[in-house]
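Each remark here refers to the structure printed beneath this line.
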Amino acid sequence: MPIKTTIDKIPQFVDQEVTLSGWLYNKRESKKLKFLEIRDGMGIIQAIVGINDVDDNTWEQAGSLTQESSLHISGRISKHPKKDEYELQVMPGGIDIVQISVDYPITPKEHGSGFLFQNRHLWLRSKRPWALMRIRSEVIHAIRTFFYEDGYITFDAPIFTPNACEGTTDLFEVPYFDSVAYLSQSGQLYGETGAMSHRKIVVFGPSFRAEKSKTRRHLTEFWHIEPEIAWFNINDNMELMERLTMFVIEWVLRKCRPELELLERDIKFLENIKTPFIRLHYDDAVNQLNELKPDRIKELKKELKAATDETLQAELKREIEELGTDFKWGGDFGAPDEGILTRQYDRPIFVHRFPRGIKAFYMAPDPEDERVSLSIDMLAPEGYGEIIGGGQRAEDYDYLVAQIKKHNLPMEAYQWYLDLRKYGTNPHGGFGLGVERTVAWLAGVHSIRECIPYPRTIDRVYP
RNA sequence: UCCUCGCUAGCUCAAUGGUAGAGCAACCGGCUGUUAACCGGUUGGUUCCUGGUUCAAAUCCGGGGCGGGGAGCCA
């Protein structure tokens with residue numbers, strides 16, 4: 001009787017007979033041999049059906065299999081004659097078909113991304129999404145492990161909220177009995193209440209933003225890791241971001257080698273990342289940016305000369321024009337600016353102490369320089385840009401009240417939040433890390449839409 | 001909200017305003033170890049919808065729909 005098992009455990013069954021349950025991934029056949037690629041969720045193995053090794057019925061059944069047909073398959077495990085892999089030699093009666101799949105839409109050939117996302121429920125079975133979902137799972141597991149081992153409490157924030165965290169324009173409004181509620185765009189304010197109770201907490205959940213963005217870096221629903229810590233300053237904060245990032249990088253390099261290989265991720269870049277990460281004051285970032293701009297423009301002009309594609313030319317022209325003027329103090333960095341800054345380093349960079357005007361109302365002002373706030377962005381290298389945003393929170397009651405007024409936010413909705421400053425206020429802070437952006441960077445994929453099972457964007461809520 | 005590109009067979013794409021095609025998939029056949037297998041054949045069309053220009057529209061123009069890429073904003 002063959003042993004029931006799964007493909008990940010195959011190496012321990014060499015020269016033994018096993019039964020696998022799975023799906024046909026691909027098939028190649030000749031007159032006397034059929035090669036069946038079997039996928040069982042844990043991996044893929046090639047099964048061999050030889051016309052002289054099986055009965056007629058098994059031979060016919062093997063021939064009738066179509067892509068994604070479900071089956072049980074039994075045979076002897078052996079080493080691949082050419083490759084460092086194992087394969088399954090199908091035995092007589094070794095094929096038990098559960099269902100023949102007809103017209104599976106996703107073929108092993110090329111498809112456009114629109115088509116693939118329309119068929120996301122099936123595309124998830126293909127190698128690339130399979131690898132990415134496993135990396136995502138490990139990234140989440142690594143983050144939770146990091147915080148757990150560091151003494152943090154998991155503190156879940158509500159998803160229905162009565163108020164805006166950072167403004168109302170990009171909130172999803174939903175009916176709530178006789179009233180309305182909003183889908184949370186951040187758990188941070190609730191996280192702060194948890195920090196006052198447990199000192200170190202981490203909120204993990206989905207965040208919703210009705211931003212009408214259509215880029216590879218935006219989703220309307222994304223997963224958000226938001227630690228919040230009492231008695232915690234901006235330097236503690238950067239140190240925490242750094243430790244977390246290193247922990248996750250090392251975890252993924254340790255656990256996801258096959259997946260990274262499948263995605264053809266050049267892992268040298270990740271392996272070479274060392275602490276300390278670069279720490280750049282906003283002022284210095286602005287100066288550096290203005291110094292580097294002329295060189296970048298030269299580069300782009302060269303690219304423009306070489307470019308033949310018209311859309312690429314137009315894009316390059318626009319980017320050159322945008323870079324043409326000096327970056328003025330007080331502005332926020334755009335994607336091209338972040339690109340210039342990160343390109344010169346081999347590790348993530350922190351930009352800290354942004355002007356108060358471009359950061360959220362709750363950011364603490366810098367006591368040594370009132371123009372700026374104690375805010376931090378962490379920019380990933382290789383052009384991935386911002387993956388963490390955070391900072392120290394304003395602890396002074398009167399300052400916060402003034403900020404809420406200045407930002408035209410409804411005071412009554414923030415009474416509970418203001419209570420934190422009335423009763424035992426203290427320097428505290430935290431940050432928000434985008435899970436999908438982190439996965440995209442570590443896995444080296446272009447779009448964060450591939451980094452979540454079902455991406456939600458401005459014009460896709462199906463499937 | 002703005003800019004930009006696109007929509008033709010199941011998929012990826014061709015087609016000077018003049019008979020709508022290829023590759024892949026599917027189906028049939030061939031091939032002794034293939035691995036996005038290969039070779040031969042067959043089937044497959046409301047050219048996104050709508051209105052217009054024209055002797056004639058996949059192609060040009062207007063309106064709409066859907067999708068890709070980007071800006072701003074952000075995780």
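In what follows, every heavy atom counts, from backbone to side chain, and hydrogens, waters and symmetry copies are set aside. Numbers restart at 1 for each chain; the letters A, B, ... are given by sequence-line order, proteins then strands. None of the values given here were measured: they were computed from a predicted structure.
Nearest nucleotide to the side chain of A:E211, out of B:C74, B:G67, B:U35: B:C74. Of all nucleotides listed (B:A75, B:G68, B:G33), B:A75 comes nearest to the side chain of A:R437. The side chain of A:H446 approaches B:G70 more closely than any other nucleotide in the set B:U34, B:C74, B:G70.
The side chain of A:K109 contributes no N or O atom lying less than 4.0 Å from OP1 or OP2 of B:C24. When the side-chain nitrogen and oxygen atoms of A:N26 are compared with OP1 and OP2 of B:A37, one or more of them lie within a distance under 4.0 Å. Contact between the side-chain N/O atoms of A:K212 and the OP1/OP2 oxygens of B:C2 is not found at any separation under 4.0 Å. Using a 4.0 Å cut-off, some side-chain N or O of A:R28 falls inside it from OP1 or OP2 of B:A37. Checking the phosphate oxygens (OP1, OP2) of B:G69, a side-chain nitrogen or oxygen of A:R449 falls inside 4.0 Å.
Applying the 3.5 Å distance criterion, the base of B:U34 shares no donor-acceptor pair with the side chain of A:E29. Between the side chain of A:R217 and the base of B:C73, no donor-acceptor pair of N or O atoms lies under 3.5 Å. Remark: the A:H111 side chain and the B:C11 base include no donor-acceptor N/O pair separated by less than 3.5 Å.
When the C1' atom of B:C31 is taken as reference, atom CZ of A:F35 falls 12 Å away, rounded to whole Å.
Within the nucleic acid shown, A:K214 comes within 4.0 Å of at least one base atom, counting heavy atoms only. Residue A:T107 is in sugar-phosphate contact alone, with no base atom involved, counting any heavy-atom pair closer than 4.0 Å across all strands shown. Note on A:F222: a base of the nucleic acid sits closer than 4.0 angstrom, heavy atoms only.
Taking atom C1' on both B:U47 and B:U12, the two are 16 Å apart, rounded to the nearest angstrom.
In this pair, A:H121 and A:Y462 present their aromatic rings perpendicular. The plane angle is above 60°, beyond the 30 to 60° band.
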